[in-house]
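See structure below.
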Amino acid sequence: MEIKVHIDNLNVHFGQTHAVKHVAMAFPTNSVTAIIGPSGCGKSTVLRAINRMHDLTPGARVAGSITLDGADIYGRGVDPVAVRRQIGMVFQKPNPFPAMSIYDNVVAGYKLNGRFNRGEADEIVESSLKRVALWDEVKDRLRANSMELSGGQQQRLCIARTIAVKPEVILMDEPASALDPISTLKIEELIEELKEKYTIIIVTHNMQQAARVSDYTAFFYLGDLIECGDTRKIFTTPEKKQTEDYITGRFG
Amino acid sequence: MIPLTWRKVKNGGMTLLMALFTLTVLIPLVLIFIHIVRMGVSSLSLDFFTQIPKPTGEAGGGMANGMVGSALLIALASILGIPVGIFGAVYLAEYGGSRIATTIRFAADVLSGIPSIITGMVAYALLVVPLKGFSALAGAFALSLIMAPIVLRTTEEQLKLVPVSLREASLALGVPLWRTTLKVTLRSAMKGVMTGILLAVARIAGETAPLLFTALGNQFWGKKLTEPIAAMPLQIFSFAISPYEDWHRLAWAGALVLVAVMFTLSLTARYFGRSKQSGL
């Protein structure tokens, strides 16, 4: 089994708070790994460490190593911008650029970076939107404002925008928690398809969702990685008492 | 029933009182408008916009040099003040460590509270004395000192209103922070920033004190930026305190034009301010 992202002895501090403690885990290539745990357990913090989003948070300190294909993304001289081009991110609340059209949102990564190429753009827009199953719904109104779309469509647009810049890993921070059940289902189906091409790490509050979409599951509690492994095993025969208590709904 | 009626009487009385106070605030504004229009309109003519002041005793003449001078001073002050304000605000909102930011913010607030005559004195000491002469440059510098903190504070407020989620969306696409700031944050805040700039321009357009010992004023067309230059507020000031009836009339016309310009600027600013949709 090939490992895409490897985390070793990861510690994240915000000022005096020790948010993530000595975490070590691995994410296999072309798999979906779910990170679950109660609020404040550090799951989003781990996720945001993987594409160096903490670099811009005042007072945040990240220690330990995270490697992408064996190369340390926190290594000396590594540009966080280059890391984020390889490791994309989808956020909890759909956040398309509000005054951009649907079309422009898909190629926003190119436009904002000043690397927009009209010849390639049409192709990128079509293939990205097809990949997130949004093409048929919007192909006649690509120039319409992105805010005209429903919440679920906006979130799929955000995923299209993320895969348009051709990342290798996609981080998803509770991507369906602001959506209705049908939109949620579509996002989940999409995750299933996307893993053929990408390595996906998804943070979720919803344990059924974790069980449905993921191959591996990691359970966090108060900044500690309690247990991680095969999703079926975590949900049926967890090794730790805390994991069992959480997935059976006894706390959290 | 008595307490209820009494409460209603008090309520009515207070409402009336507040309406009266509101009127008290509005009346001076309306009076100023009516008075300036009445006194100024009769002196407005094509000459007023095309001629420079005639020597005393001669009829006619205008404030063309003052208008051009003011426009030039405002343009120069904007070139100096707006970039400082905007980039300062970007630094405060996007990059500034909290302690430095607090200090700069406080300094900007103090700076905008300083009486404008002091600003003029600073420009006098820094530019007029070393350059050995009053000049348009010194006047523009003094005005830019007033403008920069206003632009800085309004821009910073607008930048803070841009949701973090938009910045993160851009950063997560592998867009560097400086491009994100320029193309997402600043562009989203553009309308608010424009409002701030217009209000700052309206503010300095009427400033007289900082020009008294910097731009000085000029009865003729200024030829160089290193020479004294005419400005509308200065001309209104010197004409109004002169003993000549003709000049008084010019001063009224000047006041009318100045008020009209500021009124337009404020209206435009409101227009920009109201349509809050981002300009991305």
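Chain naming here is simple, since letters A, B, ... match the order of the sequence lines and numbering starts at 1 in each. Below, each value reflects all heavy atoms present in this structure, side chains not excepted, and no hydrogens, waters or symmetry copies. Model, not experiment: these values are computed from the prediction.
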- For Lys111(A) and Lys183(B), work out which heavy atoms get closest and say how close. O-NZ, 3.7 Å
- Message: Let me confirm one number: the OG-CZ distance from Ser170(B) to Phe97(A), rounded to the nearest 0.5 Å.
- Response: 5.0 Å
- Could you please state which residues from residues 57-72 of chain A sit under 4.5 angstrom from chain B, measuring non-hydrogen atom to non-hydrogen atom, sorted by number, or 'none'? none
- Nearest non-hydrogen partners of Asn113(A) and Gly174(B), listed with the distance: ND2-O, 3.0 Å
- Task: Measure distances from Leu171(A) to the heavy atoms of chain B and classify the residue's part below 4.5 Å as side chain, backbone, both or neither.
- Result: neither
- Answer with side chain, backbone, both or neither: which region of Arg115(A) has an atom nearer than 4.5 Å to a non-hydrogen atom of chain B? neither
- Message: Tell me if the CE atom of Met25(A) is crowded by more than 12 foreign heavy atoms within 6.0 Å.
- Response: yes
- Checking heavy-atom separations under 4.5 Å from chain B, one finds in residues 152-164 of chain A Arg161(A), Thr162(A)
- Item | Gap separating the CG atom of Leu112(A) from the CZ atom of Arg179(B), nearest 0.5 angstrom | 8.5 Å
- Task: Can you establish whether the number of heavy atoms outside Phe87(B) located under 6.0 Å from its atom CZ is more than 12?
- Result: no
- Task: Examine whether an atom of Glu168(B) lies under 4.5 Å from a heavy atom of chain A, and if so say whether it belongs to the side chain, the backbone or both; otherwise answer neither.
- Result: both
- Checking heavy-atom separations under 4.5 Å from chain B, one finds in residues 197-205 of chain A none
- Does a sphere of radius 6.0 Å around CZ in Phe263(B) hold more than 12 heavy atoms from other residues, nucleotides or ligands, not counting ones at 6.0 Å or beyond? no
- Note on the structure: Ordered numerically, the heavy-atom neighbours of chain B under 4.5 Å found in residues 73-95 of chain A are Val81(A), Arg84(A), Arg85(A), Ile87(A), Gly88(A), Met89(A), Phe91(A), Asn95(A)
- Tightest non-hydrogen contact, residues Gly109(A) and Leu173(B), listed as N-CD1, 3.8 Å
- Query: Checking heavy atoms, do the side chain of Pro96(A), its backbone, both or neither come under 4.5 Å from chain B?
  - Reply: backbone
- Query: Going from CG on Leu56(A) to OG1 on Thr180(B), what distance comes out if it is rounded to the nearest 0.5 angstrom?
  - Reply: 8.5 Å
